[in-house]
Number of protein chains: 2
Amino acid sequence: MNSSASSGPAPLSRRQEYRQATIEEIKGLARCQLAEHGPGALSLRAIARDMRMASSALYRYFASYDDLITALCVDAYNSVADALTQARDARPADDHAGRWWAICHAHRRWALDNPADFALIFGTPVPGYQAPARVTGPAAGRLAAALFDVYAAAAHARAARPDRTQVPEKLEVGELLTELLPEAGAHHPPRLAGIAATAWASVLGYLVAEIFGSLTRLIPDTDQLYDAHLRTVMLGMGFDPDLIQAAGRDEA
Amino acid sequence: MNSSASSGPAPLSRRQEYRQATIEEIKGLARCQLAEHGPGALSLRAIARDMRMASSALYRYFASYDDLITALCVDAYNSVADALTQARDARPADDHAGRWWAICHAHRRWALDNPADFALIFGTPVPGYQAPARVTGPAAGRLAAALFDVYAAAAHARAARPDRTQVPEKLEVGELLTELLPEAGAHHPPRLAGIAATAWASVLGYLVAEIFGSLTRLIPDTDQLYDAHLRTVMLGMGFDPDLIQAAGRDEA
DNA sequence: CCCAAATAGTGAGCGCTGCTCACAAAGAGA
DNA sequence: TCTCTTTGTGAGCAGCGCTCACTATTTGGG
């Protein structure tokens with residue numbers, strides 16, 4: 001472990017290389033199954049059959065069903081976090097409203113393109129499964145940090161005015177906040193976290209309604225509705241109305 | 001069927017009475033299992049064991065696993081719809097903001113009190129399960145209608161101003177709207193449905209974050225945060241700010 | 001009252017699942 | 001070459017949803 005990770009490029013031995021490839025193949029087939037047959041419909045034996053292996057061989061790579069799910073969750077968190085940070089960085093650092101807008105659109109794009117992964121991390125977990133926080137935490141933290149940082153920067157630059165929101169100034173600080181964002185939590189009031197969290201919940205709720213629910217059958221033009229929803233949410237976050245309009249116009 | 005339902009009080013025969021009781025017992029044990037061991041963790045054989053019956057006997061009452069889930073879903077929809085309409089009717093008909101406020105608080109109360117049912121209908125469905133719309137539809141429609149009616153009444157009384165929202169006036173009408181609310185959809189513009197739907201999505205997202213996610217560990221005082229969230233959402237719906245404040249104050 | 005029809009419950013069994021374990025190849029390092 | 005670690009095998013266990021032939025039990029009409 002230590003010896004392989006110590007020297008930079010980590011020269012994987014031939015065996016480790018094969019092992020890694022096998023792990024990726026398993027995860028790929030698992031994702032395939034979830035996408036095809038719905039959430040929770042994942043059979044280790046079916047994966048083994050696809051790979052023409054004995055089912056017991058899979059346990060050399062994942063100690064259990066739950067371990068596989070956990071790995072898929074971590075991948076999904078990283079995938080969405082990548083998509084969001086990439087969308088954020090495509091906009092100039094001082095275009096705060098544009099960055100939030102871009103992040104939220106990237107989130108929806110990712111969710112529509114990867115409904116199975118979306119279900120995995122934002123829906124009810126699989127049967128008796130509970131994601132182990134110590135493994136999922138860091139990956140989920142990247143996501144939270146990306147959202148929070150953008151809003152904190154916007155507030156700092158006065159592109160958004162937290163004092164014009166409905167979220168009270170004094171708010172108890174949660175353990176997760178001080179844990180995930182130790183430095184940010186220190187010099188940013190928890191109010192910002194409250195605003196970002198509730199706003200993100202609104203966005204998430206829309207996506208849940210669109211992907212799991214029957215929102216599309218209620219209002220077919222979900223693109224237009226999402227833009228409106230996002231403008232509403234951003235107004236609620238205290239973003240400058242003019243900046244919101246500009247963010248919507250400048251969409252690449 | 002027809003003969004038993006035709007004459008008012010429907011004098012159930014002794015057998016039908018027992019049968020109904022057994023069905024309720026099965027559903028009760030099923031709910032217990034879901035609440036205890038998490039969503040999707042439902043075993044027909046375990047239920048049969050609890051009832052000291054052969055597992056095959058259960059199939060006299062529910063044709064399949066999915067049928068049981070469907071029945072639980074319908075019950076859950078009716079349960080939440082009851083809670084919401086009851087909360088609504090506890091407020092005077094002309095207190096539109098208060099009614100929306102009450103409905104949303106009842107929704108949260110219900111979700112916190114019945115997390116298993118909440119997961120059943122608002123989370124990712126069980127493994128390969130897809131709720132048959134023709135069975136779930138009516139029950140879900142009651143919920144949708146309750147929300148929509150309150151907002152439509154508020155808009156009609158000008159307690160809320162749809163024209164001050166971000167949702168565009170012209171919006172395509174979905175099949176579900178004309179189907180579930182044939183009369184309402186006719187003389188109410190789809191814009192109202194769009195506003196109500198996105199607002200409800202925001203509320204739902206908050207509840208998902210609080211119940212499935214780790215919102216509580218981020219901001220411990222979720223009561224206060226929910227009130228703020230709700231005020232934000234209602235502002236976004238075009239509710240009169242003064243009425244929103246009043247709704248929050250008058251909480252019974 | 002009795003007998004046929006409908007209903008409720010049984011137990012064996014099929015094919016599937018996740019998972020374990022003793023064992024056999026195959027590769028890596030001395 | 002010999003040894004130790006890693007991969008893969010196949011049988012098997014207990015559990016699952018579900019089916020089917022069969023047996024009690026209850027019901028209602030002749």
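Below, read A as the first sequence line, B as the second, and so on, with proteins coming before strands; counting in each chain starts at 1.
The distance between atom CD of B:E25 and atom C1' of C:dG9, rounded to the nearest whole Å, is 14 Å. In this structure, B:M53 places its CE atom 10 Å from C1' of C:dT10, rounding to the nearest Å. Atom-to-atom, CZ of A:R52 to P of D:dG8 comes out at 13 Å; the value is rounded to the nearest Å. Per the geometry, CG belonging to B:L58 stands 12 Å off P belonging to D:dC16, to the nearest Å. In this entry the distance linking CD1 of B:I47 with P of D:dC16 reads 11 Å, nearest Å. The CZ-P distance, from B:R60 to D:dA24, rounds to 15 Å in whole Å. Between the CG atom of A:L44 and the C1' atom of C:dG18 there is a distance of 7 Å, given to the nearest Å. One atom, CD of B:Q16, and another, C1' of D:dG28, lie 13 Å apart when rounded to the nearest Å.
Below 30°, between 30° and 60°, or above 60°: for A:F122 and A:Y77 the angle between ring planes is above 60°, a perpendicular geometry.
Using a 4.0 Å heavy-atom distance criterion, A:S43 is classed as a sugar-phosphate-only contact. Within the nucleic acid shown, B:Y59 comes within 4.0 Å of at least one base atom, counting heavy atoms only.
For the pair B:Y226/A:T198, no side-chain contact is recorded, criterion being any heavy-atom separation below 4.5 Å from C-beta on.
To the nearest 0.5 Å, the span separating OH on B:Y61 from OG1 on B:T22 amounts to 4.0 Å.
With respect to B:R108 and B:D223, a salt bridge is recorded, a charged nitrogen being found less than 4.0 Å from a carboxylate O. Ion pairing of A:D149 with A:R88 is absent here, as no side-chain N (NZ or NE/NH1/NH2) approaches a carboxylate O to less than 4.0 Å.
Ranked by how close their nearest DNA chain C nucleotide is to the 5' end, B:A57 and A:L42 are led by B:A57. Each of A:S55 and A:Y61 was assigned the nucleotide of DNA chain D with the nearest heavy atom; the assignment lying further toward the 5' end belongs to A:Y61.
Between B:R19 and D:dT27, a side-chain N or O to OP1/OP2 separation shorter than 4.0 Å is absent.
Among C:dT20, C:dC19, D:dG17, the nucleotide with an atom closest to any side-chain atom of A:S64 is C:dC19. Counting only heavy atoms from C-beta on, A:R45 has its side chain closest to C:dT17 among D:dC16, C:dT17, D:dC20.
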